[in-house]
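Let me begin by presenting the structure, written as structure tokens, before commenting on it.
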Amino acid sequence: MELTAPLNRAASPRPTEAEAANRSATRPPGLLRTRPQTLLLVPVAAAIGLAIHFLGPRAGVALTTHFYPWLLSVVLVLGLLGAGLQVFSPKLRDWMRQMCPILGVAVLAMAVWQLVTTCLGLLPMPYFPGPEGVLSALVDDRALLFDSTWHSLILLLGGYAIGTALALITGVTIGWFPHARYWGMPVLKVIGPIPATAWIPLAMVVAPSAIFSAVGLVALAVWFPVTMLTASGISNTRASYLDVARTLGAGRAYLIFRVAIPAALPNIFIGLFMGLGTSFLTLVVAETVGVKSGLGWYVAWAQGWAEYGKVYGALVIMAAFFSTIMTLLFRVRDRVLVWQKGVIKW
Amino acid sequence: MVAPAAATHEDAASLRVWHVTKEFASPDGGVTPGALALDDVSLSIAAGELVSIVGPSGCGKSTLLRMLAGLTTPTTGELAIGAEPITAPSAERGLVFQDPNLFPWLTVRRNIEVGLVARGKLREKRAEVDKFMRLVGLEAFANSFPHHLSGGMAQRVSLARALINHPRVLLLDEPLGALDAFTRMRMQDEVLRLWQTHGTTMLFVTHDIDEAIYMSDRIVIMTQRPGKIEQIIPVDLDRPRDRSSQDFLRLRGDILETLHFAGQPMAGNKS
């Protein structure tokens, strides 16, 4: 620390500014003067949103929904409450300093969206409903949306679990045993890159039901990247780790399960993240084409009825649903690979 | 060939190297001749002895150590521990590398346990783990991950990990090579202490002549390309040894001279 600080000072053209920014990241005193504005960003944005909603012009038929102004009012009240309470809680203050700009801009974006659609009618209807239309679709259709989310979750987790389990077995086998590598790698390289969705015609013929075919396709989508990265992780295990283990009396099982697999875990997680991305895609397509439930099906169905508020509502749920699962996988990785902390930049 | 087992060495912790030659295959598959790493090397080490090998890089000292560990097989010749020929790695022959090679995903404690877990003996010998962590003074770091350790600490863990199996022989491949001068001297005493308390036969490779004289009973000097044993010098100094004593310095001069001679393998190539 003492060694690098002067170096930084010499390298940076505006050292004092850089230092101030650096300090403010940990302790707040540097930004005291701008604080009130920052902390009031959310309620101000909500107030602007409310003003646009109630005072703005109406381009078409007015929607008799109160969900949107209610939501904005709740945001307004919470924002003011937070701005008041942060005086007593430094923890809340730090959180608000971090989150207020992005949340405020998000609320403001909704207001602009309403201005462009409902108020000024700049975008063609019914393809671009305002935020109040999407919100009321979410609330009105909550039962079906919940059911669809639930079905998507089951398909996704089922397929992901099956695909990952198979991929770990094939990946470790191909990565460890030279014979498996000789025969398995070409198959993997030829079959693997085919997008899982391209198998839909075959899956519909082979699988006993649409649900099986969807689970199978998701599993296939996960299987390829996880197998590939597991195999490369295993075969790239540092030879000296294996040498050390062997001179300590390790047998083959120990070498595979206690040395090669832990050494490959960072790679395996990259495969799991890639697989999660492709499994979302495959899930939505499979639901649209075959399965008569799930968020993918819901989007296609709502579009068929030209209910674009519902389409966007489902997209909002999908965004929340997928990003939650992604976050959970990050959490799992942080737990499993805790030993990497400080070794690499996360 | 006469099996080394027929030799008179009966002690189970002695090492014998019997006319060993190691030739590495050439990368082009035999068009050019392969590299001769070791050429007819014979050496025997008594049980409980501490022997060092010094020599220029590329003289095959690491290869010899890997063969004794059972990680590499000789092209011709035989190696034995006690009366048993060496064919595969075993917990009886511990190996410590220059890089501690701790498993980064295991805590210090779990790293030291590796040998016990691998041999299915953790349950009966759990007390050993604490003993060895105390022995190398790392109780406070039991739950730290290896990247939090300094080079010297990591190498101490690596020593404890090798010693927990109570190997008959400990092979050390430049174990202190990556450490700074002060840590290095402290660790030399530490290794000596471990050697004296356990009576383990130790064979260690080093670049450092002072280290070899300070620590070993005998010093094996090797020459380069192909690797051969040039000379074996006994060190008849009482321990603890004084690095600046007259005898120490005289021995140092002798070894340097031998190495200098050994460093010019081709006649008429004196620049």
Side-chain angles (χ1 to χ4, degrees), chain A residues 1-4 168 171-172 175-176 178 229-230 232-272 330-346, chain B residues 62 65-72 86-108 110-122 125 143-149 157-173:
Chain A
M1 197 86 187
E2 291 88 338
L3 275 175
T4 53
L168 288 177
V172 170
W176 186 263
L229 277 139
T230 304
S232 80
I234 296 276
S235 60
N236 287 329
T237 306
R238 250 167 76 170
S240 55
Y241 288 158
L242 298 169
D243 285 348
V244 162
R246 292 205 294 159
T247 60
L248 292 171
R252 183 193 273 172
Y254 190 96
L255 294 179
I256 295 176
F257 291 101
R258 304 274 194 133
V259 182
I261 291 180
L265 269 179
N267 254 17
I268 293 174
F269 268 97
I270 295 173
L272 287 175
F330 269 107
R331 289 270 163 82
V332 172
R333 185 206 61 173
D334 291 356
R335 282 289 290 274
V336 174
L337 296 184
V338 67
W339 55 270
Q340 276 198 319
K341 218 161 197 172
V343 179
I344 55 157
K345 185 170 160 58
W346 277 14
Chain B
S62 294
L65 227 56
R66 285 181 65 83
M67 285 196 290
L68 284 165
L71 294 169
T72 311
I86 293 169
T87 52
S90 145
E92 284 167 355
R93 279 163 282 125
L95 181 57
V96 174
F97 297 81
Q98 176 175 353
D99 182 329
N101 275 315
L102 301 179
F103 297 146
W105 54 88
L106 296 180
T107 59
V108 165
R110 300 246 174 264
N111 261 293
I112 292 177
E113 284 173 356
V114 164
L116 298 179
V117 174
R119 294 182 304 134
K121 299 229 163 116
L122 181 62
K125 298 205 167 165
N143 297 317
S144 303
F145 283 105
H147 68 266
H148 291 298
L149 305 180
V157 176
S158 156
L159 282 167
R161 179 171 69 171
L163 286 170
I164 202 164
N165 279 338
H166 293 285
R168 287 193 253 166
V169 172
L170 190 58
L171 306 160
L172 304 114
D173 192 355

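What you see below is based on every heavy atom in this structure, not just the backbone, and it leaves out hydrogens, waters and symmetry mates. If you're wondering where the values come from, they're calculated on a predicted model, not measured in any experiment. A note on names: the letters A, B, ... follow the listed sequences, proteins ahead of strands, and every chain is numbered from 1.
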State which residue, out of Val117(B), Ile164(B), Val114(B), fulfils the side-chain contact (heavy atoms from CB on, under 4.5 Å) condition with Leu248(A). Val114(B)
Look at Leu106(B), Asn101(B), Leu116(B) and state which one has the largest set of heavy-atom pairs under 4.5 Å with chain A. Asn101(B)
Flag if over 12 foreign heavy atoms under 6.0 Å of CZ, Arg110(B): no
Go through the atoms of Ala253(A) and report whether side chain, backbone, both or neither lie under 4.5 Å from a heavy atom of chain B. neither
Answer with side chain, backbone, both or neither: which region of Val336(A) has an atom nearer than 4.5 Å to a non-hydrogen atom of chain B? neither
In terms of heavy-atom contacts, Ala250(A) and Ala118(B) come closest through CA-CB, 3.7 Å
Quick one: ring-ring contact (aromatic ring centres under 6.0 Å, His included) partners of Tyr241(A), sequence neighbours excluded? Phe103(B), Trp105(B)
So, for Lys341(A) and His147(B), which heavy atoms are closest and what is the spacing to 0.1 Å? O-NE2, 2.7 Å
What part of Arg161(B) gets closer than 4.5 Å to chain A, counting heavy atoms only: side chain, backbone, both or neither? both
For residues 246-268 of chain A, the side chain to side chain donor-acceptor pair (under 3.5 Å) pairs (sequence neighbours left out) are Ser232(A)-Asn267(A)
Considering only heavy atoms, which portion of Asn165(B) lies under 4.5 Å from any heavy atom of chain A: side chain, backbone, both, or neither? side chain
Under 4.5 Å from any heavy atom of chain A, what part of Leu171(B) do you find: side chain, backbone, both or neither? neither
With a 4.5 Å cut-off on heavy-atom pairs, point out which of Pro104(B), Gly115(B), Ala88(B) contacts chain A the most. Pro104(B)
